[in-house]
Structures are given as C-alpha cells and as structure tokens.
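These notes are about the structure you will find just below.
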Amino acid sequence: MNEGLLPTIYDPKIVEEKWIAVWDEKKYSSAQVVPGKPRFSITIPPPNVTGELHIGHALQHAIHDTLIRWQRMQGKETLCVPGTDHAGIGTQIKVEAQLATEGLTKHDLGRELFLDRMWEWKEHYGGTILRQLRRFGASYDWDRERFTMDAGYVKAVLTAFTHLYNKGLIYRGTRIVNWCPSCQTAISDLEVDHEDKQGNMWHFKYPLADGSGVIVVATTRPETMLGDTAVAVNPDDERYKKLIGKKVMLPLMNREIPIVGDAYVDMTFGTGAVKVTPAHDPNDAEIGMRHRLPAPIVIGKDGRMTEEAGEFAGFDRYDARKAIVTAMNKLNLVTEIKEHFHAVGQCTRCKNTIEPLLSEQWYVKMEPLAKHALDVLKAGKIAYHPDRFIKYTEDWLENIRDWCISRQLWWGHRIPVFTCVDCGHEFASVETADKCPKCDGILQQEDDVLDTWFSSALWPFAVLGWPDKTPELDYFYPTNIMITGRDILYLWIVRMIYSGIEYLDDKTEADKIPYYTVYVHPTVQNFEGKRMSKSLGTGIDPMELIDKYGTDATRFGLCGMATATQDVRLQETREPGWNVAAPEIGRAFPTFVQGRNFATKIWNASRFALMNLNERTEAKATPATLADRWILSRLADTVKSVNDDLDNYRLDQATIRLYEFFWNELCDWYLELAKPAMRDESIADATRNTLAFVLENALRLMHPFMPFISEEIWQQLPHAAGAAESIMISAYPMPQDFTVDEAVEKEMQLVMDVIVAARKMRAEQGLTPGQKADIIIAVENEQAVKLLNENMSAITTLGRADKVAITNTTDASGEHIFWNELPLIINITRELTAEEKIKELEKAKKEHAKLASDIEKTEARLNNPAFAERAPAEVVAKTRGEIAEAKMRQATLADRIVALS
RNA sequence: GGGCGGAUAGCUCAGUUGGUAGAGCGUCUGGUUUACACCCAGAUGGUCGGGGGUUCGAGUCCCUCUUCGCCCACCA
C-alpha cells in the first residue's frame with residue numbers, strides 16, 4: 001500500500017504553485033527554431049497594459065492553452081507569444097487621472113516628462129494581466145514577451161507606416177471626424193458606439209431674408225445652428241422648390257445663408273428642410289462640398305463654443321444648446337419641441353458623446369488593402385470557425401471606408417512624417433531625421449500618434465522579428481490559429497490579414513497571411529444574459545474563481561463553455577449569506593463547482609489506485625478480464641473523440657467526453673470491478689497494470705485541460721520505460737495507438753445491463769444496500785448464459801447478491817433487458833408486502849398502458865405501406881424489433897398484473 | 001432600415017449526414033459499500049417558441065410569425 005503518496009485532500013494552491021515554478025524553471029514552454037520539425041504557433045491577442053484578467057480573457061486563454069498543450073504533446077515545436085498592447089487612449093486616460101490627483105495636467109509636464117510618467121506607469125502596473133495568466137497555467141513562451149511599443153516593435157510600426165506612405169496609401173485630409181471632447185482626440189468609426197437615446201427634436205423658424213415668410217427646419221442639436229451655412233431642401237419638393245436660390249436670415253447670428261436644392265434631403269422626414277452645418281455633421285459636410293459652402297467651426301475641440309459662435313462663445317456645448325433654445329423662444333422662432341429617440345455616438349473608451357468635427361487627420365486608403373483580405377477570404381485561404389464569420393468580414397470589407405489613423409495623444413507611435421520648415425518638403429522616415437534631405441533646413445515632426453490598432457495590426461509578424469528577416473519569421477509564420485472574440489473581428493483580425501499580405505514580401509503568396517485559422521469563441525454573459533461589466537458589478541474576477549475552485553476546475557469549466565454557436569450565460573446560484581449589498585459574497589457558479597467536483601473525483605480515484613498498485617505494477621495493458629478489455633476499449637474510444645473534438649475546436653464536447661469517461665466509466669464501473677479483481681491473486685497484477693495504464697493515459701489525455709492535477713498525479717504513477725520527466729512534454733494519446741473492441745463492449749453491456757436492472761429492482765422494492773437479495777435471470781440464449789457465468793463475480797458484487805440463479809423460465813417476471821435482441825428478465829428474490837404489492841400493481845398497469853399506446857403508434861407507422869417501401873431496410877427492421885421488444889415487455893407485465901392482483 | 005445568432009427538462013447548455021430527445025446543476029427516494037457526502041444507487045421531469053409546408057418519418061430541411069441578443073447603417 002502506498003497510502004502516503006497523495007494527501008487525502010486535494011489542495012490546488014500548493015500543487016499549482018509547485019508546478020508553475022518547475023515548468024518555468026525547465027522552460028518547457030520555450031520554443032526554439034528547429035527547421036524541418038513540425039511546429040505550431042500562436043500569438044495571443046495582446047491585452048491592454050491597463051488590463052486585468054476578466055472572464056472573457058479567462059475563457060480565451062483556457063482555449064489557447066489547451067490547444068497549445070495538446071499540440072506540444074504531439075511533439076510539435078510549439079510557440080505561443082504573449083505580450084501587451086500600449087492601448088493609447090485607455091492608458092493615457094489612466095495616467096492623466098493619476099496626474100490629476102497631484103493637481104497636474106500633461107501640459108504641466110510637457111511631452112517628454114509625460115511620456116516618462118507613462119513608461120513608469122507601464123513598468124509598474126502593466127504586467128498584471130500577464131502575471132494572472134501565468135497563474136492560470138498558461139504555457140506561453142515568457143522569454144518572448146512583447147509590447148507594442150518596445151524597440152523592435154517601434155521599428156516595425158515605422159516601417160509599415162513609411163511603406164504605406166511611400167506607396168501613396170496614406171494621406172492627410174480635412175473632413176468630419178469622430179471627435180471625443182473628453183479624450184481630446186479623433187477616433188475611428190469603429191471606436192464609436194451608437195446608442196439610442198432619448199432626446200428632442202426642435203423645429204426652428206428661419207425667416208427668409210426678403211421678409212416673404214419663413215422656412216421651418218428640424219434639428220436634434222440646436223447648438224450647431226450657429227455654424228449653419230445653408231438650408232437644404234429636396235429639389236423635387238413642391239413645397240420648397242420655388243425657394244431654392246433665395247436666402248434666409250440665420251437667427252441669432254444675423255447672417256444670410258442660401259437655400260440650396262439637394263437630393264440628399266428626405267421630403268418625408270422632419271419638415272423636409274434641413275439646416276446645413278458643414279463643420280459639424282458628416283452629411284452636411286457633403287452637402288457643403290457640393291454647394292461650395294463655407295464651414296465655420298462653432299464647437300471647439302474642448303466641447304466649448306468657439307469665437308465663431310458669436311455671443312455664445314465659451315459656452316459648453318450643452319449649455320449653449322439650452323441658451324440657444326431660450327433665445328430662439330424669445331424670438332418666437334420655436335414652433336415645436338418633440339421627444340425624439342435617436343442614435344447618439346459615444347466614445348468606446350470614456351462613454352462621452354462624440355462630437356462630429358471638421359479637422360485635419362491622417363488616413364489610410366483602404367480599398368487596395370481591403371482587396372488583399374477579400375481575395376484570400378473568398379479563396380478560402382483562411383478557415384473561420386464558425387465559418388459564417390467569413391461572410392461577416394467580407395461584407396465589412398466590401399463597404400470599407402478610409403481609416404482615420406491619427407490620434408491627438410502623446411502615448412503611442414508618433415507619426416514619422418517630417419516637414420521642412422524652410423522648403424516645405426514632406427517625407428516619412430523610419431529613422432528620426434534631423435535635417436531636410438533637400439535643403440538641410442529644420443525639420444518638424446508630426447505631433448500626432450497612430451491609432452493603437454495600426455500597431456496591433458502588425459502583431460503576428462512584428463513579434464516574430466519583422467521587418468528584420470529572422471529565423472523565427474521563417475519558421476513560425478504564418479501562425480496556425482488566431483483565437484478571438486467577435487468584438488474585434490473588424491478592429492483587429494481583418495487588419496492583420498491585409499497587413500500580412502501587404503508587408504511580408506519575403507513569403508510566398510500562400511504564406512503571407514498571418515494565420516490559417518480564426519476561431520471565434522463565444523461571449524460570456526452574466527446570468528441575466530447581459531454582458532459582464534465590472535463597473536456594473538456584474539463582472540466576475542477569474543482570480544476569485546481560481547481561489548475558490550482551483551485553476552484546473554476553472555479551466556475545465558471554461559472549456560466546457562466553448563460551444564460552437566451561441567454565447568453562454570454563466571449560471572450563478574446564491575448560497576446562504578448572499579445579499580444585495582455585496583452580491584459577490586455567497587454566490588456560486590455551478591459550472592465551476594462541477595469542475596471542482598471533477599478534480600476531487602480525479603484526485604480520489606487516483607489516490608485509491610495508488611493505494612492498490614504495488615512495486616510490480618507497470619503501466620501496461622495486460623487485460624485479464626472482460627472489464628479490463630472493456631475499459632481499454634472505452635479508453636480507445638475516448639482518445640479518438642477527444643482528439644476529434646479538439647480538431648474541430650469543440651472543447652465543450654471534449655470536456656464532456658473526458659468527464660463521462662473518467663467518472664461514469666472508469667470510476668463507476670471499472671474501479672468498482674477492479675476492487676474484487678485486485679483481491680483475486682490470479683488476476684490482481686493484470687488488473688493493477690491495466691488500471692495504471694488506463695489512469696496514466698487518462699491523465700495525459702486531460703492534461704491540456706487540467707494541467708496541474710494531471711501532472712501532480714502523473715508523477716506518482718508508474719510510467720513506461722523512457723517516459724518524459726513531465727506530463728507536459730509527454731506524448732498525447734492518439735487514436736492510432738488504441739483499438740476499440742466492439743465485441744467486448746457488447747459483452748460488457750450485458751453484464752452492466754443485468755447489474756443495473758438488478759439495482760433497479762432492489763431500489764424499487766426498497767432494499768437497503770446492506771440487505772442481500774439473490775438475482776434471478778431468465779434467459780434462453782446459450783451465449784448469454786456463458787457470458788453471465790463468466791462474469792458471475794462482477795454481477796454478485798455490484799448487484800449485491802449472494803448468488804445468481806440463471807433459469808430458462810419463459811414466464812418469469814421482472815425487469816426486461818434485451819441483448820442482441822434477445823430478452824432477459826431480471827428479478828430478485830423478495831416477497832413483497834401487501835402494501836408494496838398495491839404500489840407495484842399500479843405501476844405495472846401504468847406502464848402496461850404506456851406500452852400499449854407506444855405499440856399502437858409504432859404499428860401504425862409500420863403499417864403505412866409507404867414506410868415499408870421508402871424507408872431504409874434497417875430502419876424498418878429496427879422498428880419491427882422495437883415492437884417485438886415492447887410486446888414481450890407487455891406480456892410479462894400482463895403476467896405480473898395477474899400475479900399481483 | 002439591413003444582416004447574423006439564439007428560443008430544447010425548473011436553470012445553464014449539448015444534439016454529428018432527417019429515423020419518436022441528452023448532460024450538469026436542481027428536485028424526490030434510499031444509503032456510515034474501508035477512493036470520494038465536492039460521494040454512491042435509483043427515480044421524477046420535455047406537445048424541442050407558435051403556425052404552415054416538404055417527407056414514409058422533422059428538434060434537425062423550407063416558408064412565416066412571435067421574442068431575446070449582437071453587428072452594421074448619415075435620416076436632420
């Protein structure tokens with residue numbers, strides 16, 4: 001007995017800490033360039049430096065690491081590159097907030113000192129999420145950790161920018177951008193959330209300049225009227241077409257502006273007359289261009305009214321709105337105020353309302369780049385799971401607009417465009433230039449930095465060394481798979497695709513893409529179906545889960561959530577002690593409870609096995625009994641399904657299969673049968689070997705999902721000669737090394753069915769486990785009799801009987817089972833009390849009636865001539881068999897009813 | 001306004017090429033079987049959102065409606 005090998009209680013914390021340290025020291029997760037060797041590579045989506053692990057990350061990394069470990073165990077050179085993203089706006093907001101507590105603004109420090117503060121902050125707080133990932137067991141190559149602003153990465157970004165600039169794909173343009181007055185920067189269309197909000201629609205009278213009347217315009221943003229430079233009507237609008245060419249006197253500003261005809265105007269909406277503010281509305285800007293209208297900017301970048309706003313200069317935009325409505329009212333120019341529900345753009349980062357604003361920004365011409373991505377997607381070069389996201393991506397690419405890449409921030413990659421103060425020469429350069437190459441004049445670099453996504457778009461190849469020609473780039477690129485949530489499919493995933501194709505000129509056409517596969521995992525929602533949000537208190541800290549349930553349990557639960565189609569709600573239950581004020585106390589998560597229970601089960605089963613193995617035991621398949629052969633066959637089946645499921649990114653199915661195998665097959669049946677077998681000297685050693693073999697394989701099979709517990713136990717088990725020193729670098733069980741034996745499974749099925757039937761009879765008749773009752777099996781088939789006799793000890797032990805009698809009585813009563821379509825009737829020896837007889841009778845009658853109706857329905861189907869004609873023969877035969885079985889059951893029940901009456 | 005996804009047992013979800021539905025949790029019954037009560041044995045529980053169609057046969061394919069969620073879209 002080796003009772004001391006595993007402690008009685010599984011303590012995840014101790015085990016996890018121990019193995020993280022060992023694996024780290026041994027550098028099992030470091031990958032080398034080994035030309036010719038099959039490899040598997042992934043880059044993680046770099047979380048923001050400001051980030052902390054949330055449940056979505058946890059799901060994503062559970063998937064990541066499971067796939068990584070699975071591939072590594074298949075002997076591939078396996079690389080997973082971790083890293084973080086500088087996250088321009090988000091990080092700058094944090095540091096500015098920190099400065100504010102000291103009463104400082106970034107302008108007090110100036111650009112250079114401010115950036116020093118940013119770096120300090122990054123060094124201090126930026127590593128949180130990666131530390132959390134290590135604790136999560138992520139077997140990434142920590143020596144290759146990257147940051148989107150480290151030296152090499154900067155070079156990549158500048159090279160990419162310069163390349164596009166020189167190719168004419170980057171230009172400067174003055175147009176309406178999404179301006180965030182709070183973040184003080186332009187943002188791209190993808191960084192604006194549109195949310196329907198309750199607002200008002202004001203109808204304003206604009207008097208005609210010639211005093212001949214008024215024209216009524218509708219607006220949701222009165223403050224913009226100060227910048228109006230026209231009123232537009234539809235040229236086909238009978239009400240207004242005669243006014244085109246006339247002028248109106250813009251109230252409050254006392255400026256004459258023209259009435260123009262423009263087909264954009266929808267005659268049926270509002271009043272049919274639109275006030276045109278070219279500097280503050282994208283549509284108005286276009287009308288303005290068509291009619292060569294001036295575009296005065298009345299709302300400034302700080303969200304306050306500018307000098308152009310006349311008497312309202314200096315007002316906050318919302319104060320101005322109120323003041324203008326009041327002023328218009330005084331002039332009797334407001335005809336109507338209606339409540340109006342409409343989409344308002346808000347900044348993804350800070351949730352403030354976006355102000356459309358005319359300003360000069362840098363843009364990337366997207367058409368040629370989008371075409372790169374469209375070509376490979378349409379050609380099916382990149383597999384998506386689920387594949388509907390291909391079309392989703394294509395639709396976006398086909399309607400793409402140019403990408404505003406300049407941000408008015410300091411934290412980020414400064415745009416490497418230099419302009420000569422003397423001769424005006426402008427150029428982009430990777431190296432910082434100090435003199436004008438044309439006239440030696442003084443140069444000025446752009447102040448703006450690049451959109452964070454411009455740099456993340458280079459991630460898969462930049463982290464492998466691009467633009468340098470590195471062995472890593474040769475060997476690990478393209479990466480094998482990108483695992484992502486669907487929220488960044490446009491922002492990031494597709495941008496990496498066209499970027500790879502645009503920049504990687506050393507690769508063959510087929511190998512320019514950044515990955516062969518995109519796996520889109522579900523979104524985790526809270527128990528109410530809402531998105532997890534920390535600020536709303538609905539978020540769940542994965543670290544809390546790890547503390548409570550253990551990392552393996554958490555990972556197992558998360559993998560079980562990785563379904564193919566739908567988003568998953570994280571079920572939540574409330575334990576005693578829960579209250580509204582502190583909802584995080586006393587809440588429990590059944591998904592992870594299941595994982596924890598499974599871990600405990602694995603622990604205890606292994607503890608039991610280790611107690612029973614001895615020094616002669618080898619992890620070798622040496623089957624002596626039917627049960628031995630059966631569990632080996634079930635192992636083979638499990639190996640195949642788990643590998644298939646992983647191949648198809650169905651981690652949920654894989655976890656279910658592992659769970660069922662380990663718990664329902666290995667523990668519930670095999671271990672129970674192994675107990676008596678290990679007491680029988682003639683087969684004890686064979687059983688021990690088989691048990692060790694199956695357990696050892698099962699642990700390897702589950703290691704990618706539950707790395708810690710599998711390693712801890714595995715280390716205690718006997719291994720085959722030449723085994724690796726860690727389960728992490730052992731071979732993954734593969735289908736070709738195992739054989740499913742269907743005949744054995746069929747035989748075992750009989751034994752199990754008999755035992756289950758006997759247990760059922762016992763339970764129904766109220767026997768406690770301590771009370772013995774002999775089993776009577778009525779069967780006529782010789783083969784079955786032989787099998788039952790061979791497995792008599794299993795049946796007596798698990799069926800809790802002293803002995804088993806096999807008869808060929810045809811009129812026996814009891815529980816029916818069918819084996820190879822032959823009936824067996826199982827019963828136990830026990831006289832029922834009068835009361836029990838009544839209960840039994842009722843039950844028998846009920847079941848008899850149910851069978852009668854089933855038989856009737858099935859016969860009706862069978863008697864339909866079309867069924868016999870058109871259905872496949874085996875289906876017809878199966879249906880006949882069903883009827884036959886039901887009738888036999890019914891006949892026995894009829895006998896029983898008579899006997900009980 | 002357009003597109004996509006979901007609606008299956010009380011809850012959270014599976015359901016492979018159409019052959020009368022599964023898991024976990026919950027509920028109920030019985031258990032000190034020396035690995036495990038984070039356990040064991042057994043049971044209960046579903047007209048697969050509504051309607052129509054194709055088919056011998058539909059949770060599964062087609063149409064339609066209801067409803068929830070997500071994405072895209074310039075309606076002042």
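Here is how names work: the chains are called A, B, and so on, in the same order as the sequence lines, proteins then strands, and each is numbered from 1.
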If the sugar-phosphate is the primed atoms plus P, OP1 and OP2 and the base is the rest, what is the B/S/- string for nucleotides 71-76 of chain B, using protein heavy atoms under 4.0 Å?
SSSBBB
Between B:G46 and B:G5, how far apart are the C1' atoms? Round to whole Å, please.
23 Å
Apply side-chain hydrogen bond (donor to acceptor under 3.5 Å, both in side chains) to the pair A:R607 and A:N604, showing each step before the final yes or no.
CA-CA 5 Å; A:R607 216 158 50 81; A:N604 283 315; 3.2 Å; yes
A cation-pi test, strictly: NZ or CZ of A:R596 under 6.0 Å from the centre of the six-membered ring of A:Y549 and no more than 45 degrees from its axis. Yes or no?
no
Determine whether a donor-acceptor pair (one donor, one acceptor, N or O, separation below 3.5 Å) exists between the side chain of A:R388 and the base of B:C4.
no
Taking atom P in both B:C11 and B:U47, what distance in whole Å separates the two?
13 Å
Contact class for A:P872 (heavy atom, under 4.0 Å): base, sugar-phosphate, or nothing?
base
Under-4.0 Å salt bridge between A:E665 and A:R657:
yes
Would you mind reading off the distance between A:I390 atom CD1 and B:G3 atom C1', rounded to a whole angstrom?
17 Å
B:C65 and B:U55, which share atom name P, separated by this distance in whole Å
23 Å
A:I828 has an atom CD1; how far is it from atom C1' of B:A41, in whole Å?
13 Å
Using atom NZ of A:K391 as one end and atom C1' of B:G2 as the other, report the distance to the nearest whole Å.
11 Å
So, for A:Y490 and A:Y392, is the gap between ring centers shorter than 6.0 Å?
yes
Look at all strands and tell whether A:T277 reaches a base, only sugar-phosphate, or nothing, counting heavy atoms closer than 4.0 Å.
nothing
Could you check whether A:R175 makes a cation-pi contact with A:W403, meaning its NZ or CZ is under 6.0 Å from the centre of the six-membered ring and within 45° of the ring axis?
no
What I want to check is whether the side chains of A:N614 and A:T617 have a donor and an acceptor closer together than 3.5 Å.
yes
A:D237/A:R239 ion pair, N-O < 4.0 Å:
yes
Protein-nucleotide distance (A:D567, atom CG; B:U12, atom C1'), rounded to Å
14 Å
My understanding is that a pair needs two contacts under 3.5 Å, Watson-Crick or G-U wobble. By that rule, which nucleotide pairs with B:G5?
B:C68
Taking 4.0 angstrom as the limit, do A:R486 and A:D567 come out as a salt bridge?
yes
Distance in angstrom units between A:D645 CG and B:G15 P, rounded:
11 Å
Rounding to the closest angstrom, what is the interatomic distance between B:C61 and B:G15 at atom P?
12 Å
Output the rounded distance in Å from CG (A:N526) to C1' (B:C11).
14 Å
Under 4.0 Å, counting only non-hydrogen atoms across every strand here, what does A:R596 touch: a base, just sugar-phosphate, or nothing?
base
Among B:G19, B:G42, B:C38, find the nucleotide with the atom closest to the side chain of A:K760.
B:G42
What is the distance from CG of A:L570 to P of B:U12, rounded to the nearest Å?
12 Å
Distance between the P atoms of B:C25 and B:C40, in whole angstroms?
9 Å
Rounded to whole Å, the CD-C1' distance (A:E572 to B:G10) equals 18 Å
Could you measure between the two P atoms, the one in B:U27 and the one in B:G10, and give it in whole Å?
15 Å
Nucleotides 21-37 of chain B: protein proximity per nucleotide (B base, S sugar-phosphate only, - neither; heavy atom, under 4.0 Å):
---B------S-B-BB-
Would you confirm whether the ring centroid of A:Y659 sits within less than 6.0 angstrom of the ring centroid of A:F598?
yes
Output yes when A:K275 and A:D284 qualify as a salt bridge under the 4.0 Å nitrogen-oxygen rule, no when they do not.
no
Using a cut-off of less than 4.0 Å, is there contact between a side-chain N or O of A:R569 and OP1 or OP2 of B:U12?
yes
What does A:D652 touch in the nucleic acid at a heavy-atom separation under 4.0 angstrom: a base, only the sugar-phosphate, or nothing?
nothing
Heavy-atom nearest nucleotide on RNA chain B for A:Q525 versus A:K878: which residue maps closer to 5'?
A:K878
Scan every strand shown for a Watson-Crick or G-U wobble partner of B:G57, both distances under 3.5 Å, and answer none if you come up empty.
none
Check: A:Y519 ring centroid to A:Y649 ring centroid under 6.0 Å:
yes
